[in-house]
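Have a look at the structure below before the remarks.
Counting convention: from 1, in listed order, for ligands and their atoms alike. Side chains are part of it too, since the values below use all heavy atoms of this structure and drop only hydrogens, waters and symmetry mates.
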Amino acid sequence: MHKLPRRTLLATGAALPLVAIRTRPAGAAEFVYKYANNLPATHPLNLRTAEAAARIKQETGGRVEINIFPFNQLGSDTDTLSQLRNGAVEFFTLSGLILSTLVPVASINGVGFAFKDYGQVWAAMDGKLGAFVRGEIDKRGIVAFEKQYDNGYRQITSSTRPIRTPEDLTGFKIRVPMSPLWTSMFKAFGASPIGINFSETYSALQTHLADGQENPLAIIETAKLYEVQKYLSVTNHMWDGFWFLANRRALEALPPDAQEIVRREFNRSAVQQREDVAKLNVTLEGALKQQGLEFVGTDPAAFRAALRKAGFYAEWEQKYGPEAWSALESVVGNLA
Ligand code: X2X
């Protein structure tokens, strides 16, 4: 600073903000950030985060503008995670299970049949388990906001044959997201899982690279997977949620009051989005049947027994370690 010419020195102080403002077009935001996700624009996650972005713009007096890029417009989840890390994308919602490729413990909420109901899900994820996972995410230069968005309980769909029992999964070519936990779980069922990003899933089903996949009803509906699937087996085999992630440098570049507004509004939208998904869980069965999906009942206890027999719980308990596992079991009871 001491070497700057006198004229520049005079321009500091009160004049500096004016200079900064003049370099932007009139009315343009000071911070223009990208928020990427993998879901269709019609999914409640996108509807609610769009509301949050609008509130943020208003409450920061137009200083912070967040543009949403849904449905993997900026790349697959794997690509977008790299972009989040290097700052090319500032915000990203990602399933903890996929985030586990970077932060291993983040897949723990996906352990098969762990949560009996949403009461347990939110007790764990808004409680000790969620705090533990966020702490691990934090070590990677990424910030996860407190409230997770709901993806939902996952159900298996198929284009070839109805899956009723664990034995029906034998050799079944099923698309799973890119995550060791998913692959491990479907191998434990005796299936042939193929890791494919969501951005490629519809076409993988269409071309029969995979004969089935598993996702919550809200995704099967909004991503129109019913167009390329025939049966839906109600398995509720795991619960999955999206962490709202921020590149730490980008978040901390915002003035403290704006950081607080951003965090508060995305947390608020998450809580509203959970309610939206809860309602859809009730109404979508009828809508999907009308689209031609045949619903198939299952005995979840049989699927869970298959996992136990294959040593799935023992293996993952060891991988996650005692602290995380006991945080999970403190809510859901003994899993092994
Ligand atoms: O990839 C999927 O199946 C999805 C959309 O559910 C996730 O983000 C895990």
Side-chain angles (χ1 to χ4, degrees), residues 35-49 68-81 83-84 89 91-103 106-112 115 121 125 133 144 148-158 173-186 191 193-206 209-229 232-233 235-245 270 273-274 276-277 280-281 284 288:
Y35 158 44
N37 67 67
N38 64 359
L39 296 182
T42 50
H43 189 281
L45 174 132
N46 274 309
L47 302 176
R48 290 299 185 181
T49 53
I68 305 184
F69 296 84
F71 218 19
N72 294 120
Q73 277 174 21
L74 301 181
S76 70
D77 282 339
T78 308
D79 292 341
T80 312
L81 181 57
Q83 294 178 59
L84 179 80
V89 161
F91 299 116
F92 181 31
T93 35
L94 183 64
S95 159
L97 277 77
I98 300 175
L99 181 59
S100 76
T101 55
L102 179 65
V103 183
S107 65
I108 191 165
N109 61 264
V111 165
F115 299 109
V121 167
M125 303 319 292
V133 173
Q148 256 185 321
Y149 286 71
D150 190 14
N151 190 353
Y153 280 92
R154 301 179 75 97
Q155 322 295 350
I156 297 174
T157 67
S158 156
K173 283 191 297 175
I174 184 166
R175 173 271 170 176
V176 293
M178 305 292 277
S179 167
L181 179 70
W182 252 302
T183 306
S184 155
M185 194 165 141
F186 279 87
I194 317 164
I196 298 175
N197 271 301
F198 191 62
S199 49
E200 307 294 329
T201 294
Y202 185 100
S203 67
L205 296 168
Q206 200 170 29
L209 180 62
D211 290 328
Q213 65 87 45
E214 43 80 64
N215 249 304
L217 297 188
I219 286 185
I220 295 166
E221 152 77 9
T222 55
K224 298 187 166 43
L225 298 183
Y226 53 79
E227 291 177 352
V228 287
Q229 297 286 272
L232 185 149
S233 303
T235 50
N236 291 305
H237 56 271
M238 66 160 73
W239 177 82
D240 183 28
F242 296 103
W243 288 110
F244 197 100
L245 305 173
Q273 186 266 0
R274 294 173 182 184
D276 299 338
V277 173
L280 288 177
N281 285 340
L284 280 185
L288 287 168

Inset, instruction - Report yes or no: does Arg154 have a heavy atom closer than 4.0 Å to ligand 1? - result: yes
Legend entry - Residue pair Thr49 / Tyr149, side-chain donor-acceptor N/O under 3.5 Å: no
Legend entry - Protein residue, atom and distance nearest to atom 6 (O) of ligand 1, heavy-atom basis: Asn215 OD1, 2.6 Å
Legend entry - Numbering as shown, the atoms of ligand 1 that approach Phe242 to under 4.0 Å (heavy-atom distance): 8 (O)
Inset, instruction - Say whether Ser158 and Asp211, considering side chains only, have a donor N or O and an acceptor N or O under 3.5 Å apart. - result: no
Inset, instruction - Take Phe242 and Asn37 through the test side chain to side chain contact (heavy atoms under 4.5 Å, CB included) and record every step on the way to the result. - result: CA-CA 10 Å; Phe242 296 103; Asn37 67 67; over 6 Å; no
Inset, instruction - Applying side chain to side chain contact (heavy atoms under 4.5 Å, CB included), run through Gln155 and Leu217 and close with a yes or a no. - result: CA-CA 7 Å; Gln155 322 295 350; Leu217 297 188; 4.2 Å; yes
Legend entry - Backbone N/O of Phe198 and side chain of Asp77: donor-acceptor pair under 3.5 Å: no
Inset, instruction - Determine yes or no for a side-chain-to-main-chain donor-acceptor pair under 3.5 angstrom, with Thr80 supplying the side chain and Gly75 the backbone. - result: yes
Inset, instruction - Compute the shortest N/O to N/O distance between Asp77 and ligand 1 and return yes if it is under 3.5 Å, no if not. - result: no
Inset, instruction - Compute the shortest N/O to N/O distance between Asn38 and ligand 1 and return yes if it is under 3.5 Å, no if not. - result: yes
Inset, instruction - Check Met178 against ligand 1 and report side chain, backbone, both or neither, counting heavy atoms closer than 4.0 Å. - result: neither
Legend entry - Residue portion contacting ligand 1 (non-hydrogen atoms closer than 4.0 Å) for Asp240: side chain
Inset, instruction - Between Ile219 and ligand 1, find which residue part has any heavy-atom pair under 4.0 Å and reply side chain, backbone, both or neither. - result: side chain
Legend entry - For Trp182, the ligand 1 atoms whose distance to one of its heavy atoms is below 4.0 Å: 9 (C)
Inset, instruction - Provide the number and element of each atom of ligand 1 under 4.0 Å from a heavy atom of Ser95. - result: 9 (C)
Legend entry - Value rounded to 0.5 Å, distance of OG in Ser95 from CD in Gln148: 8.5 Å
Inset, instruction - Give a yes or no on whether the backbone of Asp150 and the side-chain of Gln273 come within a donor-acceptor separation of less than 3.5 Å. - result: yes
Inset, instruction - Taking only heavy atoms of Phe198 into account, list the atoms of ligand 1 that are under 4.0 Å away from them. - result: 1 (O), 2 (C), 3 (O), 5 (C)
Inset, instruction - Using a 4.0 Å heavy-atom threshold (strictly under), name the region of Leu94 that reaches ligand 1: side chain, backbone, both or neither. - result: neither
Inset, instruction - Ignoring hydrogens and angles, tell me if any N or O in the side chain of His237 forms a donor-acceptor pair with the backbone of Arg154 under 3.5 Å. - result: yes
Inset, instruction - Ignoring hydrogens, just give me the one of Glu200, Arg175, His43 whose non-hydrogen atom is nearest atom 2 (C) of ligand 1. - result: Arg175
